[in-house]
Amino acid sequence: MRTLLLTLSLVLAGLLGKPYSLNAQITSQSFVFQDLPYDYDALEPYIDATTMEIHYSRHHRAYYNNFLNAVNGTGMEKMAIEDIFGNISSYPPAVRNNGGGYYNHTLFWENMTPQTGGKPSGKLEKAIKKTFGSTEAFKEVFAKAGATRFGSGWAWLSLDKQGDLFVSSTPNQDNPLMDLAEQRGIPLLAMDVWEHAYYLKYQNKRADYIEAFWNVINWKEVEKRYEKALKQLK
Ligand code: MN3
């Protein structure tokens with residue numbers, strides 16, 4: 001029924017010249033498509049409004065819709081997404097790609113803000129200093145993880161099982177919660193380095209986008225995630 005509705009709405013939306021408007025009606029009780037926590041132009045000049053609008057309302061929405069279609073009727077629709085990721089290697093690629101796309105972008109929007117503190121503080125700052133030497137050194141490691149990811153993917157700051165921070169990068173829509181990730185942990189900060197995240201404004205200059213990203217990090221949110229993740233380990 002859901003697939004039929006989706007097909008009908010796509011056809012209708014296409015006729016109306018609004019390819020995503022009706023597509024946007026799919027919802028789920030377990031997996032929420034969250035509102036963007038700010039306006040599309042809120043992160044200007046670092047991330048332009050058109051990129052934000054396309055990225056959120058089309059890319060993210062498509063991952064979400066495709067994820068719901070992939071889990072609907074499988075039993076997975078009642079699972080916590082973290083548990084799905086913990087066994088992702090045993091599920092179809094559509095769950096991995098779209099579930100990752102849905103989760104990663106939700107985190108990405110939350111860990112950006114126009115009211116950034118500019119740098120980490122509190123317990124997180126201490127942990128960053130302990131692991132990387134300084135915030136500047138962390139910035140370099142994180143930027144390198146994003147810059148050297150071949151093709152499409154993500155850069156991450158995460159917390160491992162031992163309670164230590166680490167930086168990693170994953171291909172496509174994978175993330176550190178997935179059982180097939182090279183380094184597993186709880187994601188605290190996510191940076192999308194797919195071309196769709198920056199190409200309109202920065203074209204091929206991924207390094208410039210990465211430099212700009214530093215200006216919109218929601219450090220308060222990353223700190224909150226860090227403290228929550230520490231508690232989860234106990
Ligand atoms: Mn993206």
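Numbering of ligands and ligand atoms starts at 1, following listing order. In this chain, numbering begins with 1 at the start of the sequence shown.
Inclusion of His196 in the first shell of the Mn ion (ligand 1) is supported: an N, O or S atom falls under 2.8 Å. At a cut-off of 2.8 Å, His55 is counted among the residues with an N, O or S atom near the Mn ion (ligand 1).
Side-chain contact, His196 with His55: a donor N or O sits under 3.5 Å from an acceptor N or O. In summary, the side chains of Gln183 and Ser158 do not present any donor paired with an acceptor at a separation below 3.5 Å, with no hydrogens or angles considered. For the residue pair Asp48/Thr51, the side-chain donor-acceptor check at 3.5 Å is satisfied.
Here Tyr46 and Phe213 keep their ring centres 6.0 angstrom or further from each other.
No other N/O/S atom of Asp192 lies as close to the Mn ion (ligand 1) as OD2 does. Counting just the N/O/S atoms of His105, the one with the shortest distance to the Mn ion (ligand 1) is named NE2.
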